Amino acid sequence: MAAAVMAMAANATDYKADLSVTMAGMPLGTQPSTISVTEQGDGKYTLALNNFKLDGIGAVGNIVLSDVEGTADNNGKTRLSTSQTINITAGDDPSVGEKEWLGPKLGDVPVSVNADMTDDNLYAVIKIDGFGGIDVVFGDGGYQLPNSGFENFHTATYVDGTTEYTSQEPNIWHSFNSGVATGDLAFLTKAALQHGSTSVSEDVRESHSTSTPNGTFGTKCVKLTSAKVMGVAANGTMTTGRLQAGSIIATDAANCSFFDMTSTDVDGNGDPFYTLFNSKPDALSVWVKFKQGQDLGEYKYATVSAVITDDTYYQDPEDKEYSNIVAKAQNKTIESNGFVWQQLTIPFDYDTYASNNVEPKAILITISTNATPGKGSKDDNNPDELYVDDIAFIYNAGLESLTIKGSEVTLEDGKTSYEISNLTGELTLDDIVAVSDGQGAYVTKAIETTDDGATVTITVTSNDYQTVNTWTINVPGVSTGIEKVETTTENGVQAIYTLDGRKVGSMNSKGVYIVRKADGTTVKVLKK
């Protein structure tokens, strides 16, 4: 027994990271914490969050879950997933009295965990069915951008001879003062790098939602401002990559944002000029406030562009056809709307780029005061202004369609319980085809035998693990041949095709569709 305990301890890894807590929908801020993961040796793990506390409320205790299923992928990441009912035990923090621990007083508590684990990083979402519902997010899984509320800035500096040009850039974002001039005319195009188009603003929207580590709400956003350079309008622009001034012709693709992960250059905060990103969001949300300094007629639009790629070079605007694109989310028609804050939700297009068959590893986001290069305001006293705040990725966890033994379940908004009659024969997990509206969502199918047939449970977990939705379908008249609940989990849908091979975005019309999943398998779905 002693040897077994020592072996388990040797396989335990302590992960340290910030832990954010929301209770009954109310953010409680963040706190440094540790989660220990122990490999059990049978493809399962034990996960322990010890001495868990709710700031300002009380000490909860030790949350320990064993027999957690682990599934490894090809990128060195293991997904941990479980739903259990446990007893939360008292912790051993000497600053808390034995009777002060709240967890043991709760009795049986349902707890679910979804996590991504590598050798040096753990991202976990823990949901506790107690105290009105507690949601715990541990670590950073890369599902959102750092500094998404634009609270932190660094100084960008461009040096031309003995003259320095500086501006404040949001961390992980970059403008012209940290850009590069290239080409034979770099001695001319470098003039663009003297214009730093980003600055700190406290003109935040009402009900500013970004929570800072100390639990307070954010007070800053970023302001983009256009300028006139060599008589040409220079749009206020920022990017998660790097800006390049490569031509005196504004519309030349040599003037672009780009990233090159082979470069070792860093910005004024010591960060690289690229952003790693390995997720599959369904949309991008961002708040903007926009004003044009001049009436530019048809050139009245600001723009947001997000491109998910692999880890090879990419630039926007493109100078050629790129085969490393996973998805794009673009809005090139952002109007002023009275110079008030407005929230934009921009869907990602995966279908157009599905044939590239590449995995997400990086993202290039570019935001500009004008959608057309060189067409912004040239009035020095009335530049274009674009305020940007609270950028976030949205991950869906709904159902696009559901069929059981070829019979479609007609899904209704807000309804999660259904019944399908007139089915006979044996029901297996392969007879259930559930397609989520989340590009990278996890779909778990379960069958449980009942007295008159079976109950099918479909659980959809968003790609970032933050949202979980469940549907229950009663199927009388079938047999299962099982003695306990059977489950299986699938990840994502890559594409949907009609029978004649035409790719479509969804199954809106009646007919037969071929659904290709992210793992390469295909299923046939009848939409009635």
Side-chain angles (χ1 to χ4, degrees), residues 71 81 83 280 282 347 350-351 354 395-463 467-528:
T71 305
S81 179
S83 292
K280 291 185 176 180
D282 297 288
Y350 288 86
D351 290 348
Y395 296 87
N396 295 340
L399 272 180
E400 176 83 17
S401 68
L402 174 63
T403 60
I404 299 176
K405 289 183 72 69
S407 181
E408 181 188 8
V409 178
T410 303
L411 300 170
E412 302 176 25
D413 289 342
K415 184 177 180 181
T416 57
S417 297
Y418 299 86
E419 181 170 309
I420 295 183
S421 304
N422 304 320
L423 295 182
T424 59
E426 184 177 1
L427 177 65
T428 68
L429 291 172
D430 291 337
D431 295 322
I432 304 168
V433 180
V435 178
S436 173
D437 63 353
Q439 179 67 29
Y442 296 89
V443 179
T444 300
K445 305 181 297 185
I447 298 176
E448 183 176 10
T449 302
T450 62
D451 292 339
D452 62 348
T455 296
V456 172
T457 302
I458 306 296
T459 302
V460 179
T461 304
S462 60
N463 189 232
T467 306
V468 180
N469 293 314
T470 301
W471 291 261
T472 303
I473 304 92
N474 184 36
V475 190
V478 297
S479 60
T480 65
I482 60 174
E483 296 181 358
K484 62 178 182 178
V485 178
E486 284 189 356
T487 63
T488 185
T489 300
E490 302 166 347
N491 176 218
V493 169
Q494 193 173 51
I496 302 172
Y497 299 90
T498 59
L499 278 182
D500 59 3
R502 181 171 52 90
K503 183 187 293 182
V504 293
S506 60
M507 295 180 285
N508 292 327
S509 304
K510 296 180 180 180
V512 178
Y513 295 86
I514 304 298
V515 176
R516 185 173 69 190
K517 302 177 185 178
D519 61 5
T521 62
T522 59
V523 292
K524 186 180 292 185
V525 176
L526 173 63
K527 178 74 172 178
K528 296 183 179 180

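Heavy-atom basis, side chains included; hydrogens, waters and symmetry copies ignored. Nothing here was measured: the structure is a model prediction, and the numbers come from that model.
Using a 4.5 Å heavy-atom cutoff, the side chains of L427 and K405 are in contact.
In this structure, Y395 contributes its side chain and G440 its backbone to no donor-acceptor pair below 3.5 Å. Of the possible polar contacts, one joining the D282 side chain to the N396 backbone as a donor-acceptor pair under 3.5 Å is found. A donor-acceptor pair under 3.5 Å is absent between the side-chain atoms of T459 and the main chain of T444, judged by distance alone.
In this structure, the separation between OG on S407 and CG on L402 is 9.5 Å, given to the nearest 0.5 Å. Atoms CG and CG, from L399 and L411 in turn, are 5.5 Å apart once rounded to the nearest 0.5 Å.
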Discussion item. Does I458 form a side chain to side chain contact (heavy atoms under 4.5 Å, CB included) with K445? I'd like the steps, not just the answer.
Written reply: CA-CA 5 Å; I458 306 296; K445 305 181 297 185; 3.9 Å; yes
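Partners of T450 according to the side-chain hydrogen bond (donor to acceptor under 3.5 Å, both in side chains) rule, which considers only residues two or more places apart in sequence or in another chain, are D452.
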Show the atom names and distances, to 0.1 Å, of all donor-acceptor pairs under 3.5 Å that link a side chain in residues 469-481 to residues at least two apart or in another chain.
unit_1	atom_1	unit_2	atom_2	d
N469	ND2	A397	O	2.8
N474	ND2	E419	OE1	3.0
T480	OG1	T449	OG1	2.5
T480	OG1	I482	N	3.3

Would you mind writing out the side-chain donor-acceptor pairs for residues 428-435 within the sub-3.5 Å range, not counting sequence neighbours?
unit_1	atom_1	unit_2	atom_2	d
T428	OG1	D430	N	3.4
T428	OG1	D431	OD2	3.2
D431	OD2	T428	N	2.9

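Across all non-hydrogen atoms, the minimal contact from Y418 to E412 is OH-N, 2.9 Å.
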